[in-house]
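Chain letters run A, B, ... following the sequence lines, proteins first and then strands; every chain starts at 1.
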Amino acid sequence: MKLIIAIIKPFKLEEIREALIKIGVQGLVVTESKGFGRQSGHTEIYRGAEYEVTFVPKLKLEMVIPDSLVDPVSEAIATTAKTGRIGDGKIFVLPVDSAMRIRTGETGEEAL
Amino acid sequence: MKLIIAIIKPFKLEEIREALIKIGVQGLVVTESKGFGRQSGHTEIYRGAEYEVTFVPKLKLEMVIPDSLVDPVSEAIATTAKTGRIGDGKIFVLPVDSAMRIRTGETGEEAL
Amino acid sequence: MKLIIAIIKPFKLEEIREALIKIGVQGLVVTESKGFGRQSGHTEIYRGAEYEVTFVPKLKLEMVIPDSLVDPVSEAIATTAKTGRIGDGKIFVLPVDSAMRIRTGETGEEAL
Amino acid sequence: MIKPILVSGIAGLSLFASPAFAQDTSSAIPGDSVFVFNTLLFLIGGFLVMWMAAGFAMLEAGLVRSKNVSMQCTKNIALFSIAGIMFTLVGYNVLYPGDGNWMIEGWVGNPSVKDIKLLDADGNPTVTAGDGYSSGSDFFFQLMFCAATASIVSGTLAERIKLWPFLIFTAVLTGLIYPIVASWQWGGGVLSAAGFSDFAGSTLVHSVGGWAALAGAILLGARTGKFRDGQVHPMPGSSMPLATLGTFILWLGWFGFNGGSQLALGSVSDADAVSQIFANTNIAASGGALAAMILTQILYGKVDLTMVLNGALAGLVSITAEPLAPTMIESIMIGAVGGVIVVFAVPMLDRMRIDDVVGAIPVHLLAGIWGTIAVAFNTQTEGADGIRSVSEQISIQLYGIGLVGLFTFVASFALWMLLKLLFGIRVSDEDEYIGLDAAEIGIEAYPEFGKGSQSL
Amino acid sequence: MIKPILVSGIAGLSLFASPAFAQDTSSAIPGDSVFVFNTLLFLIGGFLVMWMAAGFAMLEAGLVRSKNVSMQCTKNIALFSIAGIMFTLVGYNVLYPGDGNWMIEGWVGNPSVKDIKLLDADGNPTVTAGDGYSSGSDFFFQLMFCAATASIVSGTLAERIKLWPFLIFTAVLTGLIYPIVASWQWGGGVLSAAGFSDFAGSTLVHSVGGWAALAGAILLGARTGKFRDGQVHPMPGSSMPLATLGTFILWLGWFGFNGGSQLALGSVSDADAVSQIFANTNIAASGGALAAMILTQILYGKVDLTMVLNGALAGLVSITAEPLAPTMIESIMIGAVGGVIVVFAVPMLDRMRIDDVVGAIPVHLLAGIWGTIAVAFNTQTEGADGIRSVSEQISIQLYGIGLVGLFTFVASFALWMLLKLLFGIRVSDEDEYIGLDAAEIGIEAYPEFGKGSQSL
Amino acid sequence: MIKPILVSGIAGLSLFASPAFAQDTSSAIPGDSVFVFNTLLFLIGGFLVMWMAAGFAMLEAGLVRSKNVSMQCTKNIALFSIAGIMFTLVGYNVLYPGDGNWMIEGWVGNPSVKDIKLLDADGNPTVTAGDGYSSGSDFFFQLMFCAATASIVSGTLAERIKLWPFLIFTAVLTGLIYPIVASWQWGGGVLSAAGFSDFAGSTLVHSVGGWAALAGAILLGARTGKFRDGQVHPMPGSSMPLATLGTFILWLGWFGFNGGSQLALGSVSDADAVSQIFANTNIAASGGALAAMILTQILYGKVDLTMVLNGALAGLVSITAEPLAPTMIESIMIGAVGGVIVVFAVPMLDRMRIDDVVGAIPVHLLAGIWGTIAVAFNTQTEGADGIRSVSEQISIQLYGIGLVGLFTFVASFALWMLLKLLFGIRVSDEDEYIGLDAAEIGIEAYPEFGKGSQSL
Ligand SMILES: Nc1ncnc2c1ncn2[C@@H]1O[C@H](COP(=O)(O)OP(=O)(O)O)[C@@H](O)[C@H]1O
Ligand SMILES: Nc1ncnc2c1ncn2[C@@H]1O[C@H](COP(=O)(O)OP(=O)(O)O)[C@@H](O)[C@H]1O
Ligand SMILES: Nc1ncnc2c1ncn2[C@@H]1O[C@H](COP(=O)(O)OP(=O)(O)O)[C@@H](O)[C@H]1O
């Protein structure tokens, strides 16, 4: 089992969710975050003073999936999240030791 | 050391926190998130148009614990978070390489 | 590659970001969270009734970095985030299997 | 706020020009001008009291949790609409039975439906100027008082009551319960005959709302989790600036509430009276707010903003029973006692396990009782043996408070009980958890997923 | 709301004391008092209508998504400012050409710039009391109507229109389009001659705003994603309490809008009329809100707060064309029909793929049409052969609705088209995604990163 | 806004019917009607200015960061309460020493405590109609001006000042400093004798607030992090819609502020004057808002909403010193200059390292100075040698501005210094970080953990 962490542009959420469902992802959790990266934010002027908005709104998607899905999921996210413009985001894959569904107590891939 | 990620129903937070304290968890961090899973949200009508609320409010609990606590913690969360109804959430366990307490510089299990 | 999770006091964000840039961190993602730990919150009185504010506002920083940066990054965060007072936060290091930059499809350390 | 039928008390002067000026024909105000002035007072007073509906809505929206804010907004706009319609169709006639329209003399007016129309087909008024003011303006003004009574109830019962049973209660409260009680005094019924004095309605409006809320709160029970494990668990409201806005709106509206209750502006003495009322009303609110602020600082080591807001409102409720007679300094005192009452009564209700979400019972019921008693020190009505003594007046005030309380509480309790048996008045635990907005309204108050980042 | 030039219709009575009272010299109101009363009505009415600008701002701020809230606030304060200046410089003279200042007799007034100054160098009024009211107060009142027209447009086109082209449109709307249309009736032009009746402007104000909004919405297109994949994708607004506050503000302001349109307060019959107008206006809003509430409960199983808010406003728009003649119960009905219209028209517009963010078209245009037609049942103007029949009046009302609609829609459409060709009226997709606040205003409505935790 | 004692200037006309009408007995307004009209103007003006307290509260709540919003709400309701009580007990008598009650003739009134009561035990007025208006209504109106002065201070010093020292300052400001300054003009003191002209208080109210704020800001220092590393670090406020709402409230309230300052409504010329004031006040705000909008667009490439809001307010402050004499177009200009001042002064203060959280110094102090100077072009008071020349008037205006500035700044600075030495006026760095809500109020403005998901 792997944990996929994907940082995406917020307006891509719905499209990605639909793409993931198609390839069998059964659940995920989304968190609103702010990202800092090459996409360097922008300079704003507020009441005559310049300031840099360094953090850009992003969504963080987290989902635990069976090893077999790592490639299709990465691919699906990469395809749908891509706009080709700076700030499209990242996909990270982390190892997971175990998973449990609280409602049933199921563990392992059953739990996903 | 392991990182426990638990996705729970928001109103269970306090109960779970109390259960965790009892078994020796000394710290955790909670993030508000939205989940998508079998609990499929619901259909709302807004100004005459139907729409699906696909994402359900969840809390994400993260805590790093010594290996010895993984089972009691999982068990404690599973017990208190359970309502038996769909959407109760998940518990994931991830490996952790190291931990440090910023205030003291302590590392390892001391830092938790 | 490692995932650094740092729980910090919110007002330290800007300082830490600047410190991290200096040592070559190219991106990170910040999430607003609430923490529970030794820093035990405080008791408030609202309309004549006491209650405990158990959760303290924290920021969670996540960044994936090459192994070579783990020590300097930990050090940089530890130094700048430190106030010496309870609640300064934690730094956790987790293993990462892989990373991908969505915009270019680059993977591995290139993607960070 | 009394129809001319009540001649005892200082307010009785209002519609009759004071003799000192009547002689002075060159400066005297012509009858038609008096009519317009009086009408204008009702209209201005009326729109200011109408504005209080927004005040209640904002105060309550700020003091409930986010998940119930849409519901609270819905209830407030709905109850204001229902109050308007029920008072028009039924309540107005019950409140003002006049001479011949009592069902039970002095106690219950005839609920005949009357469709008000002021101008006949030729555009001539259907009422005569001799009345001293346009009856339409009076109607408009009275309607707003009725609506205010209903607004009081919604705050206490927030976050757990079902929408429709609440609205049915509102319909009966505004169509019958409030008009019956108010008719005892302002319709020339038993209280007015007994020499009770309640200028703008500390008892007749505010405590009626408070008693109805109390009955509901008892039957409904507290919010889940509020009194867990023998402890009080505060549930802070969603938005302090909205609660503050609501309080300022109510403060502003109160000038109409008390000032308009002079019922006349068309003479020098009425203009003086309305001015004094404005000044006293304002300073009583100041007294209430400051008392609560100082007291929470002393008791808790920090100022509690919600108590300050409640304190200002309690000051306003306290002065409402007699905003004309006190001096400015007396007004500060009367208001300050209201503020003190709030600070002690809020935790007291908690100890009694009565869950009053916004503090409406301390503010409207308890400060209302205090204000009604305080009247006696400044104003004594005329009885058979001349002006009453202060202690006689206090007895009468207590009699009025008791009578109104008894009737309103019993009637409300019975009605809530009926609604409970028929439909249930409380939402399910599940619905309470997810919030009434999602459960009954279908649109959350702040529905976006994260600020500014929602994709849909 | 008619200048004295229009004598047909019940409102024409307003400035002329009714004979019944004229004889009674002892109670008659002296001419100067009449002047002051009338002026006061305009001033109070004017500041209440001014307050509606805040109502529109809050309603719209609550019904757009967070990322566009600063923009909506900016537009509302800017359009109100522009309306004030354009109406002063140009619009007022176009609206009231008087006898000799028409460019096209009965159709288009002369847009001469006039700089209004009421007192001469010695502090004496430059106008005479004989006019019956201070022309400055009338000007102030009329200006607010003009601004209200512009406010209506901004809601419909929210979340995708560029700031400056919108403001240019506003300048032309308030300087020319609205004043021309309004001159047809209130300036003594063609509609007034034809016997059209529109007391406070269901058609002349509200539907003008509605038609201008409709033309813009068609040319501008829907928000990206609103009608994706052949389905309607709702985009819930950011804050229900702000939307509720806005509705209450508008409700309050409407007493000035309709009550002030009596144009006179200085007689018993005028005071009666204004009172009736206040009462009817209030109850029509109640009817609209309740109708929408009950209907959404029945149709969708839940109450839709935004529909209730729209319903209240639709009730207000519906009664605006004739708030004086109906009885209270008729007023409830007229308002309730407005509420029903909203509930059905909102999804209908969606089906037509017209994206009206706040529901301004159902509320102001469609309920405005309904209200204008409903006039005929209560009020018939006098034609050459005496008072018209109901069906004759209906024809004339339809003629007025059609004429106003045609002109406003065509003029607005042409203007929007011109702006589109010259500058473009729609922001880029990217800007729409990130929100107009970040794109065009530079300060987000809620700019903090997390509540209370921002470090900068 | 002048007591009758001041006869120079156009406003002096107000209480005395203009001769042109006095002869015409049939239309003349009887003395008692004049009394009621004047009183009514004070009451309406007073409640509109009271409403400005809510405007300041919302504007400031919107422009501070979330973590300080409850504190800002608390300060605003507390200062309004304190102002009411202090002005009643002390300030009113200091402001209006009349003939015999000066401590230092023309400079400092006697701070005797007076308990105001308008009706005697028999319900007869204790003042006579000859005064032209109810003294209670005047008192009510003046009290609101005093409170407005205090409101101005709280915005500048937000986010870092301790609650109680601020409130002590408020008590002295409203009990002594403001009344002393205002007595120089409105109490018939030295400025009025010198021929200074300030209709509704650009200098006497707004710049007094501004100077007091400036003194505080200098002693208090900037917010931590605002001027880090030689750069300005903006700290955007929490809620643009609340700031917009606050501005609209202030705009509305200003009709009372300026219109009520005519002090009389009971004649044709007064009614004309109030009408012109309403129209001019409105359009000056429009001018200020638009000027700021166009200027920020040009300078920064984007419109800055907060500047537009400040610009509208600066327009209002600018016209306040003379809202009657200018024509409409002149009023637009006067307001627009106010808007321009704001856009340049805000960054200028930043360069001076003076941290004014809401822009109160540019808006109230600088635009107030501009407005006071601008008076001279339209209004010249009468000196020993007849009407003064424009340049003479400018000198006198500058003298008044200087005198008021000097006294207010020095007195405020001394008082702030005293408070600093006694209690400290600034919260600890830690408290500033966590926010004043958590540190001093104990309830955060938006206390929920996530929207709608809080379990407690
Ligand atoms: N090393 C990293 N660890 C965690 N998150 C990162 C990292 N690098 C980038 N991100 C996240 O990804 C987002 C996009 O990255 P950015 O460098 O701006 O654009 P791109 O990926 O197109 O080069 C950033 O806003 C940040 O949230
Ligand atoms: N594979 C997954 N990875 C991450 N989070 C998940 C995953 N599956 C479910 N979740 C989270 O757990 C929540 C509950 O899951 P759900 O399928 O709705 O109910 P249940 O666990 O009772 O079957 C979801 O809302 C989602 O937030
Ligand atoms: N075991 C843990 N796992 C995850 N987060 C933790 C853990 N312990 C502490 N934290 C986070 O770190 C923050 C600081 O920890 P705390 O115990 O309060 O102070 P300190 O680290 O100075 O001893 C907590 O608020 C919590 O968010």
Where does Ile332(E) contact chain D at under 4.5 Å (heavy atoms): side chain, backbone, both or neither?
side chain
Measure the CG-CG distance between Leu309(E) and Leu59(E) for me, rounded to the nearest 0.5 Å.
7.0 Å
The interface call for Leu242(D) against chain E, heavy-atom contacts under 4.5 Å, is side chain
In terms of heavy-atom proximity below 4.5 Å to chain E, should Ala439(D) be classed as side chain, backbone, both, or neither?
backbone
With a 4.0 Å cut-off, would you call Glu440(D) and Lys162(D) a salt bridge?
no
Side chain, backbone, both or neither of Thr224(E) within contact of chain D (heavy atoms, under 4.5 Å):
neither
Search all heavy atoms of Phe42(D) against all heavy atoms of Gly260(D) and return the closest pair with its distance.
CE2-O, 4.3 Å
Is Met144(D) close to chain E through its backbone or its side chain, or both, or neither, when contacts mean heavy atoms under 4.5 Å?
side chain
Does the side chain of Phe423(D) reach to within under 4.5 Å of the side chain of Ile168(D), using non-hydrogen atoms?
yes
Contact part of Ala53(D) toward chain E, heavy-atom cut-off under 4.5 Å: side chain, backbone, both or neither?
both
Side chain, backbone, both or neither: which part of Ser33(D) has a non-hydrogen atom closer than 4.5 Å to chain E?
both
Which of the residues Ile82(D), Leu163(D), Thr39(D), Ile441(D) is involved in the greatest number of heavy-atom pairs with chain E at under 4.5 angstrom?
Ile441(D)
Trp254(E) versus chain D, heavy atoms under 4.5 Å apart: side chain, backbone, both or neither?
neither
Residues in side chain to side chain contact (heavy atoms under 4.5 Å, CB included) contact with Ile294(E), at least two apart in sequence or another chain
Trp164(D), Ile298(E)
Choice from Leu48(D), Ile443(D), Leu167(D), Leu43(D) maximising heavy atom contacts with chain E below 4.5 Å
Leu43(D)
Identify, with sequence neighbours excluded, every residue that meets ring-ring contact (aromatic ring centres under 6.0 Å, His included) alongside Phe37(E).
Phe37(D), Phe37(F)
Chain D heavy atoms under 4.5 Å from Val308(E): which part of the residue, side chain, backbone, both or neither?
side chain
Determine whether Glu159(E) and Arg223(E) make a side-chain contact, defined as any pair of heavy atoms from C-beta on separated by less than 4.5 Å.
yes
Can you name the nearest heavy-atom pair linking Gly237(E) to Met240(E), along with the distance?
O-CE, 4.0 Å
State yes or no: are the ring centers of Trp251(E) and Phe80(D) separated by less than 6.0 Å?
yes
Would you mind telling me which of Asn76(D), Ile77(D), Val69(D), Ile44(D) has the largest number of heavy-atom pairs within less than 4.5 Å of chain E?
Ile77(D)
Which residue out of Leu40(D), Leu89(D), Leu143(D), Leu245(D) racks up the most heavy-atom pairs below 4.5 Å with chain E?
Leu40(D)
Before we go on, tell me: are the rings of Phe47(D) and Phe255(E) under 6.0 Å apart, centre to centre?
no
So which residue, Thr306(E), Asn378(E), Ile329(E), Ile249(E), ends up with the most heavy-atom pairs under 4.5 Å with chain D?
Ile329(E)
What part of Ala147(D) gets within 4.5 angstrom of chain E, counting heavy atoms only: side chain, backbone, both, or neither?
neither
